[in-house]
Every structure is written in C-alpha cells, then in structure tokens.
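Working notes, structure below.
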2 protein chains.
Amino acid sequence: MARVKKKVRQQLLVQQVREKPFLTDEELARNLAVSVQTIRLDRLELGIPELRGRIRQMAEHAQNKVKSIQKSEVVGELIDLELGHSGISLLRITDDMVFEKSKIARGHYMFSQADSLAQAIIDAPLVVTGVANVKYKVPVHVGEKLIAKAEIVKVRGNKYFVWVKTHNDRQEVFRAKFIMVSWAEAKGM
Amino acid sequence: MARVKKKVRQQLLVQQVREKPFLTDEELARNLAVSVQTIRLDRLELGIPELRGRIRQMAEHAQNKVKSIQKSEVVGELIDLELGHSGISLLRITDDMVFEKSKIARGHYMFSQADSLAQAIIDAPLVVTGVANVKYKVPVHVGEKLIAKAEIVKVRGNKYFVWVKTHNDRQEVFRAKFIMVSWAEAKGM
DNA sequence: TCAAAAATTAAGACCTGCTGCTACTAGCTC
DNA sequence: GAGCTAGTAGCAGCAGGTCTTAATTTTTGA
C-alpha cells in the first residue's frame with residue numbers, strides 16, 4: 001500500500017470499514033501505511049465510530065435486520081401502486097440471488113417478486129395465491145434491475161386474475177398469470 | 001431481586017443473557033444481587049463469553065446469516081434424490097415464512113421448494129426454469145412440514161418436464177408442472 | 001524562497017469491560 | 001476442628017480505544 005493523498009485515503013478508509021467492519025485502527029493503519037493517530041483523526045473527521053461501536057451497531061441492527069429481511073412481505077420495492085388495478089415493483093439482482101456457477105438468477109426471485117406484487121395490488125385483507133402460470137423468457141444476471149408490472153385483468157367472485165410482466169432494461173425476461181384468491185370466507189378453490 | 005441459590009441464579013443468568021445480550025457483568029450483578037466476581041465465576045462455569053465477545057458473535061453471525069439465508073441453493077432439505085428421475089425434499093414452515101396477519105405461508109416458499117427440487121433432480125450442469133404452472137390447493141400454516149416429490153415425466157431435447165406434488169401430513173397442498181431447460185448451448189426456448 | 005497553514009506523528013493520561021490470579025471469609029458438614 | 005463450597009475482594013494487565021497537548025513534516029501560497 002503506497003502513501004496517497006488525504007482525500008483518497010479517507011475514501012479508502014470508508015470503503016475498507018464498510019467491507020470489513022472488524023478491522024482495528026492498528027490494522028487499518030497498516031493497510032493504509034499511516035500511523036494509528038492518523039486513522040483516528042480520519043475516523044473523527046468522517047464520523048466513523050470505533051471498532052467496538054461498529055460491532056455493537058451491527059449486533060443491534062442485526063437483531064432487527066435478520067427478522068425484517070425475511071419479514072418483508074413484499075419481495076422487491078414497490079414503486080407504484082394503484083390498489084385494485086395495477087402496480088410496479090423493482091428488484092435488483094444481487095450476488096446472493098444467483099447460482100454460483102452460472103451467475104444466473106434463481107427463478108424463485110422473479111416468481112417471488114411477481115407473486116408479492118400480485119398480492120399487493122389486490123384490495124382485500126386476505127389474499128393467497130391460487131394458480132400461477134409463469135414463463136421465464138431469458139436468463140437474468142447479477143446486477144440487472146427488474147421492473148415488474150402487474151395488472152388485474154379480471155375479477156370473478158373472490159378470484160382475481162393478475163398478469164405480471166417483468167423486464168430488465170432491454171427486454172421482457174419473465175411473465176406470469178396468477179389467479180389470486182381472497183380468502184376470509186371462501187374456503188373452496 | 002432477592003438472593004437465590006446458585007443453581008437458580010445461574011439459570012436466571014443464562015436467561016437474562018439470552019434475552020438481553022448487552023448487559024455488562026456489573027448490571028447482571030445488580031440484577032441478581034451478587035457481586036461482580038460471582039457473575040464472572042458463573043459465566044466461567046457456564047461458558048458464557050464476555051459482553052464484547054457476545055456482541056461480536058452476534059455481529060459476525062448476522063453478517064453470515066443475512067447472506068446464508070438467501071444463499072442456500074436449495075430451498076428445503078433434500079431427503080432423497082435419484083438424479084435424472086425423481087427427488088424428495090422437506091421444508092418446515094417457520095414463523096418468518098408466513099403473513100403476519102393470517103399466519104398463512106407465503107406462496108413463494110412452496111414455489112421455491114418445488115423449483116429448486118426440480119432443478120436438483122436434473123442431471124445437467126446448467127438448468128434454468130422455463131415455464132411453471134402451479135396450483136395452490138390449500139393454505140399452509142406455521143409449523144407444517146411440507147414434503148415435495150418431484151418426478152421427471154418427459155424429456156425432449158434440452159427440455160425437461162417435471163411434476164412436483166407437495167403434501168403436508170394430511171393432504172396435497174400444492175402442485176406444479178415445470179419445463180426446465182438445460183442451458184449451455186441452447187439459447188432459444 | 002520563506003513563512004504560514006495543513007497534515008501527520010508522538011506521547012501520556014484515562015476509560016470500559018473485561019481476564020487471571022491470590023486471598024480471605026462465612027457457613028455448613030463430617 | 002478439618003475440609004468443603006460459595007461468595008467476595010483486590011490488584012495487575014490487556015485491548016482498543018478517547019482526549020489532549022505538542023512536536024515534526026509537508027504543502028502551499030504570496
């Protein structure tokens with residue numbers, strides 16, 4: 001690690017701390033080829049808490065996070081919603097959504113995005129998926145942003161017919177037709 | 001907090017630490033009306049690490065957990081596999097797989113279980129989901145164990161037709177037909 | 001080119017939350 | 001009374017810092 005300008009070093013510092021929050025000042029100092037004191041000053045300027053503080057934050061955060069990550073009722077980010085009609089959601093394909101070998105996204109993510117969106121746009125308190133017909137058109141890779149657009153095309157009794165089309169920035173990658181059922185009274189399908 | 005017998009105190013200690021891992025020895029000592037030293041001895045006997053250790057564990061755990069939760073290539077536990085023919089997998093529905101209100105399992109879990117199983121039984125290096133037709137027959141609740149059985153019913157070129165049927169301990173709750181495509185050369189579907 | 005400003009390093013006292021060790025006491029039990 | 005367990009106490013030392021004061025080096029601007 002060669003010596004670099006202050007600004008550059010501070011950027012590197014931020015980066016390192018983000019990637020490996022478990023580094024002590026001493027280790028950081030070695031990595032960046034400056035003294036421990038300099039690291040401390042940098043942390044002060046940048047508002048980066050000390051190792052123990054960082055760890056503590058993660059632990060506290062983690063307690064909630066582990067829950068909330070899985071708890072998210074919607075896979076993807078709702079970016080538009082017209083209850084009872086349509087909705088749009090965005091999902092970024094990250095490294096942990098793909099097969100290690102092929103780097104192709106596992107199908108459940110597209111399905112989950114579509115399924116939760118289909119759920120979300122229906123204006124009823126209790127909705128479950130009844131039937132799904134899905135087609136994967138092209139493989140999706142890491143880093144792609146998937147836009148799913150859902151639309152209720154028909155309602156019959158407690159059954160909602162929803163179409164979802166998912167695009168990346170170039171083409172349609174996935175489409176699905178769902179029959180969603182609003183539960184509550186209706187026990188038969 | 002009245003003084004209690006050693007065994008009782010140690011049980012309480014374990015309990016407190018589990019519930020609130022962020023308590024220092026001093027606070028624990030106050031809570032249990034003994035000296036700090038006693039708490040230290042107790043921790044030693046019980047193999048409870050110090051505050052910083054506990055926090056650190058949580059933080060590390062959390063980092064992996066977030067990843068590994070999503071990383072599992074197969075949703076559910078493979079309990080039988082005849083490559084190229086069939087397979088069986090087991091999935092326990094836990095509290096974080098259900099809708100908070102209704103306690104009904106979100107559909108993607110059954111789909112994901114089926115989809116990964118369908119993937120797993122195909123004897124080819126690169127397989128993606130092409131088409132899926134799924135039907136949810138009855139809602140699934142927390143605590144149920146789902147047994148998915150998959151079978152390859154037809155192979156045509158690089159396309160594999162797979163049927164998956166998922167039961168709980170009483171009845172069929174879900175079924176799916178997949179067309180899986182072994183990738184590699186074949187770019188068209 | 002030279003002084004002022006900025007950046008870096010150093011040194012020392014202090015903090016928290018411990019570990020590890022030795023020592024002591026009280027209460028019971030055989 | 002000897003021997004045991006359980007509980008306390010005190011002190012040195014450690015990691016990984018904070019906070020402060022000060023000296024040294026580098027850069028920069030006029």
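Each chain gets a letter, A, B and so on, in the order the sequences are listed, and its residues count up from 1.
Regarding A:D42, its CG atom lies at a distance of 13 Å from the C1' atom of C:dT9, rounded to whole Å. D:dA9 atom C1' lies 12 Å from atom CG of B:L41, rounded to whole Å. Taking atom CD on B:E45 and atom C1' on D:dG7, their separation rounds to 11 Å, with Å as the unit. When rounded to the nearest whole Å, the span between NZ of B:K6 and P of D:dC4 equals 16 Å. One interatomic measurement links the two molecules: CG of A:L28 to P of D:dG16, which rounds to 12 Å at whole-angstrom precision. As a whole-Å value, the separation of A:L32 CG from C:dT8 C1' is 14 Å. Protein atom CD of A:E26 is 14 Å distant from nucleotide atom P of D:dC14, rounded to whole Å. We find that CD of A:E50 is positioned 12 Å from C1' of C:dG17, with the value rounded to whole Å.
Nearer to the 5' terminus of DNA chain D, by closest-nucleotide assignment, is the contact made by B:T38 (compared with the other of B:T38 and A:R54).
Taking 4.0 angstrom as the limit, A:R40 places none of its side-chain polar atoms (N or O) nearer than this to OP1 or OP2 of D:dG16. Neither OP1 nor OP2 of C:dT8 sits under 4.0 Å from any side-chain N or O of A:S35.
Salt bridge present: A:E172 and A:K137 bring a charged side-chain N and a carboxylate O closer than 4.0 Å.
Side chain A:R52 to base D:dG16: a donor-acceptor pair is found below 3.5 Å.
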- [ ] Give the intermediate values and the outcome of side-chain contact (heavy atoms from CB on, under 4.5 Å) for residues B:Y160 and B:F178.
- [x] CA-CA 8 Å; B:Y160 298 78; B:F178 291 99; over 6 Å; no
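Using a 4.0 Å heavy-atom cutoff across all strands shown, A:L44 reaches no nucleic acid atom at all. Within the nucleic acid shown, B:Q37 comes within 4.0 Å of at least one base atom, counting heavy atoms only. Backbone-only engagement by A:R43 is indicated by non-hydrogen atom pairs under 4.0 Å involving sugar-phosphate atoms exclusively.
Of the candidates A:R30, A:Q37, A:R40, A:R40 is the only one forming a side chain to side chain contact (heavy atoms under 4.5 Å, CB included) with A:D25.
Inter-axis angle, ends of the helix from C:dT1-D:dA30 to C:dC30-D:dG1, five pairs per end, rounded to 10 degrees: 10°.
A cation-pi arrangement is absent between A:R54 and A:F22 under the rule of less than 6.0 angstrom and at most 45 degrees off the ring axis.
Checking A:S116 against A:Q119 by side-chain atom types alone, no donor-acceptor pair falls below 3.5 Å.
Taking hydrophobic clusters as Ile, Leu, Val, Met, Phe, Trp and Tyr residues chained together by side-chain heavy-atom distances below 4.5 Å, A:L90 does not share a cluster with A:V98.
Other residues, nucleotides and ligands contribute only 12 or fewer heavy atoms inside 6.0 Å of the CD atom of A:Q11.
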